[in-house]
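Right, one structure below, let's go through it.
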Amino acid sequence: MTEVFSFYNVNDDTSINEAYILIHSSNSFTQFSYFVNVCEKIHATTSKNMKVNILSEYLFSLNDESLSIAAPFFSNRIFPRDSIFTLNIGFSIIMQVLSEIASLDPNQIQQIYLRHGDMGALSEYAVSKKHMAPLVKQEALTLSSIHDRFGRVAEAVGSGSGKGKKNILKGLLITGSPLEAKYLIKIINGELRIGLTEGLVEIAVSKAFNQELEDVRDAMLVSGDISQVALLAKRNILSTAIIKPLIPISYMLADVMFTAEEIINYYQKPLICEYKYDGIRAQMHKFKGQIRLFSRKLADVTYAFPELANAAEVTKLSSSSSDIDVILDGEVMAIQNGRPLHFQELQKRLRKKNVTEQIIEAIPLIYVVYDIMYLNGEHTIRKSIRERKEILSNILFTKPIINSSYRVVNSAQEIIVMFEKSRDTGHEGLVLKDPDSQYHPGKRGRHWIKLKKELDTIDAVILIAEYGHGKRAGLLSD
DNA sequence: GGTGGCTGCCC
DNA sequence: ATTCTGC
DNA sequence: GCAGAATGGGCAGCCACC
């Protein structure tokens, strides 16, 4: 109980009292019904402070296992980020299962769905009308039991696995109350929709475990996994979340502007300008000779691009022949005879499981490196991109890995020239970068600006705004 | 063994 | 990915 | 200005079905 009191003392908001009673009037916080109760309370208030207080009290009350399960649910995730699991349960399977539970034919359930407009609400309705019950008396749903069954769904493969998955889902839904069924579906769909943003969840974690919000956010930048970060916060070891090779970090993202003039007017200074490559964003890690490639969502896609992993083995500093450890940011491109292939060609390789010699030859790839986040034991994300480019220039890449070329531009005219050149070469447009900016993982901001539209389609944009006929405007611009 | 529906993940 | 919207 | 929600095209893998 001492922990409870110390927690209570660090919060002076009066709404804590309500949240405190809410949490501690029950005796089993790991029950799913309790999770649902918390969600409903969070949904019911429009006060962000109140949402945070309710959530932080709840997170505080959970044991480690339940915390690591529940935290991702609040961030619209099911499995931790580095998990290869997916449920493969979507709209269709849910509709089938709900129609069976409610003994309504699929058409009827579709109609009801259209009225609700929300799968969670539909699930609540269907389970309230259920014409079946579990064959044997079931224990009440807990975070743990739900997690176990999600795991079994994710692992189910082979003939008959579809039916098995539906049965597990059906069992989950009819075991709990209609309200629990509503939230189960919300979780499965990855849409809790209770007015919680990722940012509020981070605040709740910091309050629950009495950690500095900045420390929680910093840990999230490199971990990206709210489940891990919540546990680290609870153990007071957030500082151990550091950038290290073979573990992916979030990507820095670009903002959009529509004209060269807008960009020049905004920055009023020289900018780093490089092509916008129409490929697949990829993070390359090299550590003690091991190579890993990660996709946009940080899935390990090394297997899909063996020639890139091979070429990375010999990456080294130009000043030394010894092996280096690096984390690189760049774009995987399909390219033939010096010209980019259509994105669809690249897509064929991304998800191909059996990467044959034939397909490697048919769709040649390059990896264009444009940033570096780590080198030989030190992260480089706090250095300016001017410095990071300098570091990159001292690394020797071997084909098909290349260092992205860039120019420094200081006028709209220079940008337009580069843009035309980019399009002539078959690229999408330009990315302009503030030379003084750090690498901000997971952030979309005005440090990187993409310019992909033709500069003379501005008239079409105005048509969209005035008449609201987006599709027609698109035709006019052709 | 072929086809079509479904899902997730690229853009 | 783009576009719209609420805070 | 930011974050979330809604939207769209295309691909491979997978399973159900014939």
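Computed from a predicted model, the values in this text were never measured in an experiment. Proteins get letters first, then strands, A, B, ... in listed order; numbering begins at 1 in each.
Less than 4.0 Å separates DNA chain B from at least one heavy atom of each of the following residues of residues 90-103 of chain A: A:G90, A:F91, A:S92, A:I93. Near DNA chain B, meaning a heavy atom under 4.0 Å away, there are no residues from residues 104-123 of chain A.
A close approach under 4.0 Å does not occur between any side-chain nitrogen or oxygen of A:R296 and OP1 or OP2 of B:dC9.
Residues passing the side-chain hydrogen bond (donor to acceptor under 3.5 Å, both in side chains) test with A:D434, sequence neighbours excluded: A:K269. Contacts of A:D300 classified as side-chain hydrogen bond (donor to acceptor under 3.5 Å, both in side chains), with partners at least two apart in sequence or in another chain: A:R292, A:T302. Here A:N76 pairs with nothing under the side-chain hydrogen bond (donor to acceptor under 3.5 Å, both in side chains) rule; sequence neighbours left out. By the side-chain hydrogen bond (donor to acceptor under 3.5 Å, both in side chains) test, A:R349 pairs with A:E307, sequence neighbours left out.
Applying the side chain to side chain donor-acceptor pair (under 3.5 Å) rule to pairs touching residues 162-175 of chain A yields A:Q96-A:K166, A:E100-A:K170, sequence neighbours excluded. Pairs engaging residues 184-198 of chain A under the salt bridge (Lys or Arg N to Asp or Glu O under 4.0 Å) rule: A:E191-A:R193 [sequence neighbours left out]. Counting only residues at least two apart or on different chains, the salt bridge (Lys or Arg N to Asp or Glu O under 4.0 Å) pairs with a member in residues 355-373 of chain A are A:D371-A:R388.
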Original post:
How would nucleotides 9-18 of chain D be written as a contact map, 5' to 3', with B for base contact, S for sugar-phosphate-only contact and - for no contact, using protein heavy atoms under 4.0 Å?
Top reply: BBBSSSSSS-

Under 3.5 Å, which protein N or O atoms sit close to an N or O of nucleotides 1-3 of chain B? Give each pair with its distance.
none

Extract from the structure each pairing of a protein N or O with an N or O of nucleotides 3-5 of chain D at less than 3.5 Å, listing the distance.
unit_1	atom_1	unit_2	atom_2	d
D:dG4	OP1	A:E198	N	2.8

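Looking at heavy-atom distances under 4.0 Å, A:G279 makes contact with sugar-phosphate atoms alone, never a base.
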